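As a basis for the values below, the full set of heavy atoms in this structure was taken, side chains included, without hydrogen atoms, waters or symmetry mates. Model, not experiment: these values are computed from the prediction. As the structure lists them, so they are numbered: ligands from 1, and atoms in each ligand from 1.
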Amino acid sequence: MAAKVAPAVPRPELLARIAGRQAERERAGLLRRLRAVEQAQGPRVRVDGRELLAFCSNDYLGLAQHPELIKALQRAADACGVGSTAAHLVVGHHREHAALEEALAEWTGRERALLFSTGYAANLGALQALLDTDDLCVQDKLNHACLLDGARLAGCALKRYPHADVAGAARQLATAPRTAALLASDGVFSMDGDLAPLRELAALAMREQATLMIDDAHGLGVLGPQGAGSVADAELTQTDVPVLMATLGKALGCAGAFVAGPAALIEGLTQFARSWVYSTAMPPALAAAARVAVRLARRDDDRRAHLAALIARFRAGAGQLGLPLAASVTPIQPLRLGDSAAAMRAAAALETCGLLVTAIRPPTVPAGTARLRITLSAAHDAADVDRLLDALAQIVPPLLAGAGDG
Ligand SMILES: *Cc1c(COP(=O)(O)O)cnc(C)c1O
């Protein structure tokens with residue numbers, strides 16, 4: 001008997017489907033809009049022909065346009081061109097990469113470091129290389145998307161615990177006491193600015209014989225002695241936190257990322273981290289610039305002191321205004337407004353005052369926690385912060401008073 005021909009149910013069309021989802025997102029008021037910066041002078045940016053003072057970059061130390069970084073980039077590009085031309089294991093690994101890896105390892109007190117082109121790739125690569133399908137990865141609910149995606153890519157069991165809840169993490173680990181396990185957390189949470197309970201997590205990992213991984217994208221350069229990050233600030237060593245990841249695109253003002261830890265980890269990643277093995281090495285000139293950024297970030301306590309003063313000024317002012325401050329000591333100072341429409345209205349109103357602050361909405365943050373993610377930079381001055389506070393004083397209280405009115 002001949003096989004029956006399948007009924008002519010039309011195959012879903014992928015482009016139509018994604019367009020439908022986009023329309024759905026637009027109806028929900030959750031559409032993201034891409035805007036091009038035409039010019040940037042530190043936090044002063046021109047967007048759509050207008051000068052705006054930005055409080056939403058991650059350039060915490062104000063290094064992105066530092067003349068010494070620019071000079072290093074130019075000089076290295078003169079010497080070795082723009083592209084690295086290949087993956088590290090082929091012919092893309094330049095001595096500028098090696099020198100930067102050494103500088104990063106030394107700074108963070110790790111044996112070795114390995115550069116990745118982005119933090120996203122670093123987390124995907126590290127988790128995929130370390131974890132097998134029958135392993136366990138335990139993560140904070142508010143971890144960055146790429147830590148979650150790394151666990152998904154690895155195919156392991158992914159268990160999430162309530163934000164910063166060490167007992168919750170312990171319960172998740174206890175569900176599989178004989179399974180190889182990675183406990184992974186942001187050091188500083190990217191949308192909330194608060195710190196992970198690092199010492200408690202380290203103690204838990206030790207007790208449970210799990211490996212602790214910390215993503216310090218927002219801590220490196222900002223926290224700890226010589227800006228060595230949240231893990232150094234918590235006085236934890238490579239033994240406590242064997243897998244440390246951080247990025248070069250935030251406080252260091254460049255781009256790229258690295259994983260640092262014991263030699264065995266780094267050697268393993270060069271064999272098994274697919275996002276490293278099969279990806280073009282970052283431009284060597286960028287590595288040269290990042291090495292200058294490391295030097296500046298390490299020695300420039302004045303920048304950190306200035307940033308800390310701005311954070312204190314903002315928090316004092318916002319507190320006086322009764323604004324909904326978060327429990328954050330970092331440059332990330334979110335103001336939770338609850339619903340997405342309120343956050344969008346606040347961002348639009350700030351923009352009419354010449355201020356650029358992005359509204360962060362679900363799914364980036366949990367439903368009902370839309371916010372203005374305000375970030376401060378050493379490139380700001382006190383007058384900038386005061387200008388922001390003046391505008392917030394006008395804009396935010398009426399929105400909060402109106403909350404719940406639909
Ligand atoms: C930004 C960020 C990343 C991703 O780093 P990129 O270099 O931007 O890809 C990873 N983790 C955290 C916590 C981040 O904030």
For this session: May I ask you to identify, for A217, whether its side chain, its backbone, both or neither come under 4.0 Å of ligand 1 on a heavy-atom basis?
Result: side chain
Exercise. Within the side chain of R32, is there an N or O that forms a donor-acceptor pair under 3.5 Å with the backbone of L30?
Worked result: yes
Problem set entry | Option of least heavy-atom distance to atom 7 (O) of ligand 1 (set: G249, G119, G187) | G119
Seminar exercise, completed: Note: A121, heavy atoms under 4.0 Å from ligand 1, region reported as neither
Problem set entry | Atoms of ligand 1 close to S190 [distance to a heavy atom under 4.0 angstrom, numbered from 1] | 15 (O)
Problem set entry | salt_bridge(R112, E102) N-O dist < 4.0 Å | no
For this session: Please work out which of M245, K250, H218 has its closest non-hydrogen atom nearest to atom 3 (C) of ligand 1.
Result: K250
Problem set entry | Donor-acceptor contact present, side-chain D135 to main-chain D132, <3.5 Å | yes
For this session: Consider only side-chain N and O atoms of D240 and T237, and report whether a donor and an acceptor are under 3.5 Å apart.
Result: yes
Problem set entry | Any donor-acceptor N/O pair, R315 side chain to A326 backbone, under 3.5 Å | yes
Seminar exercise, completed: Going by the 4.0 angstrom heavy-atom rule, the piece of T118 near ligand 1 is both
Exercise. Can you tell me the protein heavy atom closest to atom 4 (C) of ligand 1 and the distance?
Worked result: Y120 N, 3.6 Å
Exercise. What are the atoms of ligand 1, with element, lying closer than 4.0 Å to any heavy atom of D215?
Worked result: 10 (C), 11 (N), 12 (C), 13 (C)
Exercise. When you measure from the side chain of W276 to the backbone N and O of L115, does any donor-acceptor pair fall under 3.5 Å?
Worked result: yes
